[in-house]
Amino acid sequence: MSAQKNFEIDQNTTFSFIVEYKDNNGAPIALTSASAKMQVRDTKGGSKLAFTLSSPTSGIVIDQPAGKLTVVMTAAQTNSLFYPKSSYDIMVTDSNGNRTKLLEGYITLSRSVTI
């Protein structure tokens, strides 16, 4: 089962966070030859897609030995979030094609006056 984390994000700003993939003892799980993908939608299983991030060059960078993912949303992407709340998850695919959902949750949009 994936971890859950909710975020509050200011509209039209750059937003980033790091996900650490660890075993039950707290040791990093290496992500050698893995890829990652994150989608943000209106609801879980929703048909409206705000944007997709992926590794290695579209918003997700994987530190393979450390089991860390750095996720970066651009100002244009945070501007496209659904108000008041969006749903997201992050899937990792290992070198054998096995998929693991690392993180999921909701993004609450804090609307900006200046956009």
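Throughout, numbering of the chain's residues begins at 1 and tracks the sequence.
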Approximate separation, where rounding is to 0.5 Å, of [X] [atom1] and [Y] [atom2]:
| X | Y | atom1 | atom2 | answer |
| --- | --- | --- | --- | --- |
| Gln64 | Ser55 | CD | OG | 8.5 Å |
| Lys85 | Thr108 | NZ | OG1 | 6.0 Å |
| Ile60 | Leu69 | CD1 | CG | 6.0 Å |
| Ser110 | Asp10 | OG | CG | 4.5 Å |

Find out whether the Lys NZ or Arg CZ of Arg41 is both under 6.0 angstrom from the six-membered ring centre of Phe82 and within 45° of the ring's axis.
no

Could you check if a side-chain atom of Leu53 sits within less than 4.5 angstrom of a side-chain atom of Ser58, using non-hydrogen atoms only?
no

Here the salt bridge (Lys or Arg N to Asp or Glu O under 4.0 Å) pairs for residues 56-66, sequence neighbours left out, are none

If you look only at distance, which donor and acceptor atoms sit under 3.5 Å apart when one is on a side chain in residues 28-36 and the other is two or more places apart or in another chain?
none

Using salt bridge (charged side-chain N to carboxylate O under 4.0 Å, His left out) as the criterion, list what pairs up with Glu20, not counting sequence neighbours.
Lys22, Lys68

Could you pull out every donor-acceptor pair under 3.5 Å between side chains of residues 1-9 and any protein atom, sequence neighbours left out?
{"from": "Ser2", "atom 1": "OG", "to": "Glu104", "atom 2": "OE2", "distance (Å)": "3.0"}
{"from": "Asn6", "atom 1": "OD1", "to": "Tyr106", "atom 2": "N", "distance (Å)": "2.8"}

Distance-only check: which donor-acceptor pairs under 3.5 Å involve side-chain atoms of residues 42-52, not counting sequence neighbours?
{"from": "Asp42", "atom 1": "OD1", "to": "Lys48", "atom 2": "N", "distance (Å)": "3.4"}
{"from": "Thr52", "atom 1": "OG1", "to": "Gln39", "atom 2": "NE2", "distance (Å)": "3.2"}

Please answer: with hydrophobic residues joined when any side-chain heavy atoms are less than 4.5 Å apart, are Phe17 and Ile107 in the same cluster?
yes

Side chain to side chain donor-acceptor pair (under 3.5 Å) pairs, two or more places apart, involving residues 88-100:
Asp94-Asn98

Heavy atoms of Thr78 and Phe15 approach each other most closely as CG2-CB, 4.3 Å

Please tabulate, for the side chains in residues 70-77, all donor-acceptor contacts under 3.5 angstrom to protein atoms that are two or more places apart in sequence or on a different chain.
{"from": "Thr74", "atom 1": "OG1", "to": "Gln77", "atom 2": "N", "distance (Å)": "3.1"}
{"from": "Thr74", "atom 1": "OG1", "to": "Gln77", "atom 2": "OE1", "distance (Å)": "3.2"}
{"from": "Gln77", "atom 1": "OE1", "to": "Thr74", "atom 2": "N", "distance (Å)": "2.8"}

Assess the residue pair Ile90 and Val19 against the criterion (side chain to side chain contact (heavy atoms under 4.5 Å, CB included)); give the C-alpha distance rounded to whole Å, side-chain angles, the decisive distance to 0.1 Å, and a yes or no.
CA-CA 9 Å; Ile90 299 174; Val19 179; 4.0 Å; yes

